[in-house]
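Structure, as structure tokens:
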Amino acid sequence: MNNTIITLDGHSGCGKSTLAKSLAKELNFLYIDTGAMYRAISLFFLESNQVLKNGILSSHYEETLDLVNIDFSEPNENGESWVRLNGEIVEDRIRNIEISNLVSEVSKNTLIRTKMVLIQQSYSSISNLVMDGRDIGSVVFPNADIKFWVTASADKRAYRRWLEYKENGKNISIQEVTKNINFRDENDQNRKVSPLIKPENSIIIDNTEMSIEETFHFALNHIQNHLGK
Ligand code: DC
């Protein structure tokens, strides 16, 4: 029997990861955060001094791409796992504004995307999945069992991201966060390779005025109806 695949796509800061994580926990599915994979590979290029001005990669990046290994740690007792860069958990080094500014540029790259998509697809043979990102229901798993398109107003998304930074002790202005959200929306929607689009047959969740719990129950209800539970 094929594994069940649930995808969530949408703009930065719309609460996809929070929703995806809680759905995966509730359903006992594996959660894959594909944004974390693009952030981890951005960290690799940053730390190996291959990022030039404006996030452009050095001409040698192709040679090192084969040496980069991105995967996830084994889930712990709460079902949580973290992205690893060459075997090392890098979660605490990828959630900052420097990586957020770089990742849009890095994720435009066709070779990098091809590598990431193959890794993402390989997880479908291991487990039932909840996967979130920008191209999951459109490119990675166009035939997924259930696809969600998650959205919220840009102001609300910026505010939520700013709160997240603040709660993690990162001192950054709301203006800077808004600028980064707008910049990434623009880049993610207009890039040539796998632009951010609403996947065909996806269910829209606009959570501008919804709480985390309301969003969760809306999505879970839909999944349970669909899976006949
Ligand atoms: O979900 P996030 O904000 O952590 O994602 C970081 C960036 O990675 C986002 O700006 C675009 C890119 N990304 C992508 O291009 N494709 C995906 N499937 C996931 C993320």
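Predicted model only: the values in this text are computed from it and were never measured. Order of listing sets the numbers, starting from 1, for every ligand and every atom in it. All residue numbers in this chain count up from 1 along the given sequence.
- Checked for salt-bridge contact, Glu164 and Arg161 meet the test: a charged N lies under 4.0 Å from a carboxylate O.
- In this comparison of Arg184, Lys16, Met116, the heavy atom closest to atom 3 (O) of ligand 1 sits on Arg184.
- Shown in contact with Ser104 at under 4.0 Å from a heavy atom are these atoms of ligand 1, numbered in order with element: 10 (O).
- Checking Asn207 against Arg160 by side-chain atom types alone, a donor-acceptor pair falls below 3.5 Å.
- In terms of protein heavy atoms, atom 4 (O) of ligand 1 is closest to Arg39 NE, 2.7 Å.
- Side-chain contact, Ser153 with Asp155: no donor N or O sits under 3.5 Å from an acceptor N or O.
- Remark: minimum distance from atom 20 (C) of ligand 1 to any protein heavy atom is reached at Gly35 CA, 3.6 Å.
- Counted by atom type alone, Asn190 and Glu186 present one or more donor-acceptor pairs between their side chains at under 3.5 Å.
- Polar contact check, Arg191 against ligand 1: a nitrogen or oxygen pair lies under 3.5 Å apart.
- The ligand atoms of ligand 1 that sit less than 4.0 angstrom from a heavy atom of Asp188 are 9 (C), 10 (O), 11 (C).
- Side-chain contact annotation: Arg191 with Asn187, donor-acceptor N/O pair under 3.5 Å absent.
- Under a 4.0 Å criterion applied to the non-hydrogen atoms of Thr34, ligand 1 contributes the atoms 17 (C), 18 (N), 19 (C).
- Under the 3.5 Å distance criterion, with hydrogens and angles disregarded, no donor-acceptor pair is assigned to the side chains of Ser81 and Glu74.
- Atom 12 (C) of ligand 1 has its closest protein heavy atom at Ser107 OG, 3.5 Å.
- Listed by atom number, the atoms of ligand 1 under 4.0 Å from Ile136 heavy atoms are 18 (N).
- The N/O atoms of Tyr38, backbone and side chain alike, include none that comes under 3.5 Å of an N/O atom in ligand 1.
- Using a 4.0 Å cut-off to heavy atoms of Asp135, the atoms of ligand 1 that qualify are 16 (N), 17 (C), 18 (N).
- Donor-acceptor pairing under 3.5 Å is lacking for the side chains of Tyr165 and Asn96.
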Test Asp135 against Arg113 for salt bridge (charged side-chain N to carboxylate O under 4.0 Å, His left out), laying out the working first. CA-CA 10 Å; Asp135 59 343; Arg113 293 205 77 82; 2.9 Å; yes
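- For atom 15 (O) of ligand 1, the nearest non-hydrogen atom from the set Arg113, Arg134, Arg161 comes from Arg113.
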